Protein chains: 2
Amino acid sequence: MNQRSSGYVASAAVFQLLAHASRLHILDELRRRPACVCHLQAVLGRPQAYVSQQLRVLREAGVVVDEKDGLNVYYRIVDGYILRLLEETLGPAEPVQCVAGCPCPHCTGSTGCCS
Amino acid sequence: MNQRSSGYVASAAVFQLLAHASRLHILDELRRRPACVCHLQAVLGRPQAYVSQQLRVLREAGVVVDEKDGLNVYYRIVDGYILRLLEETLGPAEPVQCVAGCPCPHCTGSTGCCS
DNA sequence: ATACTATATGCAGTAAAGTGCATGTAGAGT
DNA sequence: ACTCTACATGCACTTTACTGCATATAGTAT
């Protein structure tokens with residue numbers, strides 16, 4: 001075991017987080033702007049519990065943090081290194097857009113993300 | 001399924017390849033210079049069959065290619081995108097070095113990698 | 001041909017991750 | 001206090017990946 005071995009294990013753990021289509025989708029959405037769970041649920045078209053579980057994985061890895069705002073919990077990316085990997089892999093983030101059928105404050109227009 | 005969904009699956013597959021300490025170690029070694037299996041075996045300190053299996057995964061994914069030279073089979077990275085991810089993650093490649101106990105032509109000095 | 005070296009492959013057991021569902025919690029409104 | 005909404009958690013099940021070992025192949029040399 002040379003001095004770089006632990007680095008391989010750590011790096012592999014980071015890649016493991018990204019080696020998952022749903023988590024990639026979540027992170028791609030979060031880099032556009034912080035989003036609540038119900039928004040991600042609408043974007044992914046997956047059950048809420050499923051989305052929460054993937055968010056937990058990302059949260060426990062320190063990649064995202066959650067912030068409560070009333071009933072909603074907003075998640076955002078706090079790891080700049082992850083952002084660079086996303087940019088390298090998926091290209092630049094797409095502009096913010098509303099999601100049809102999403103009940104969250106951002107998408108129902110009260111805070112106005114739709115032009 | 002939006003038009004980006006297939007991209008998430010494909011990207012996740014790439015990250016899956018890198019989400020493995022031994023494969024990262026192999027790729028980190030290969031970016032210094034192409035290497036034969038026995039060299040990687042010496043570097044990793046793992047059984048030959050194990051190294052070959054990880055190489056197969058990388059080969060079938062199109063990340064590395066193999067070239068026969070006599071009895072030896074040399075592998076090298078052919079995916080520039082992977083190289084960029086490695087650079088982003090592990091930093092710049094370290095200089096070429098000989099491995100004690102490695103029987104390959106490069107390390108036994110006949111082709112001279114050791115100064 | 002035989003034997004040796006370098007590498008590849010197949011298979012089985014084990015460990016880990018992914019998935020779905022039921023249920024728990026906590027804040028907001030009435 | 002009750003209820004509703006948004007979200008979290010725990011658990012069982014399934015699937016996938018990792019690992020080790022035995023064995024196969026292919027080139028080289030004698």
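All chains are named by letter (A, B, ...) in the order of the sequence lines, taking the proteins before the strands, and each is independently numbered beginning at 1. Only a predicted model underlies this, so the values are computations on that prediction, with no experimental measurement involved.
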Its contact letters, B for base, S for sugar-phosphate only and - for none at protein heavy atoms under 4.0 Å, make nucleotides 6-11 of chain C read SBBBBB
To the nearest angstrom, the CG-P distance between B:Leu58 and D:dA17 comes to 14 Å
- Could you tell me whether the phosphate oxygens of C:dA17, OP1 or OP2, come under 4.0 Å of any side-chain nitrogen or oxygen in B:His20? no
Between CZ of A:Phe15 and P of D:dA17 the distance, given in whole Å, is 17 Å
When A:Ser22 and A:Gly70 are each assigned the nearest nucleotide of DNA chain C, the 5'-most assignment goes to A:Ser22
Rounded to whole Å, CG of B:Asp69 lies from C1' of D:dT28 at a distance of 13 Å
Rounded to whole Å, the CD1-P distance (A:Ile26 to D:dA8) equals 11 Å
Between CZ of A:Arg46 and P of C:dG18 the distance, given in whole Å, is 12 Å
Cationic tip of A:Arg46 above A:Tyr50 ring, under 6.0 Å, 45° of axis | yes
A:Gln54 atom CD is separated from C:dA17 atom P, nearest whole Å, by 12 Å
Separation between CZ (A:Arg31) and CD1 (A:Ile82), nearest 0.5 Å, reads 12.0 Å
Donor-acceptor pairs are to be reported for all side-chain atoms of residues 53-60 of chain B against protein atoms at under 3.5 Å, with residues two or more places apart or in another chain.
from	atom 1	to	atom 2	distance (Å)
B:Gln54	OE1	B:Arg23	NH1	2.9
B:Arg59	NE	B:Tyr75	OH	3.4

_Pairing donors with acceptors under 3.5 angstrom, does anything connect the side chains of A:Asp66 and A:Tyr74?_
no
CG (B:Asp28) and CD (B:Glu87) are apart, to the nearest 0.5 Å, by 10.5 Å
- prompt: Would you say the side chains of B:Glu29 and B:His39 form a donor-acceptor pair under 3.5 Å?
  reply: yes
Rounded to whole Å, the CD-C1' distance (A:Gln16 to D:dC18) equals 11 Å
note: A:His106, atom NE2; D:dA6, atom C1'; distance rounded to Å ~ 15 Å
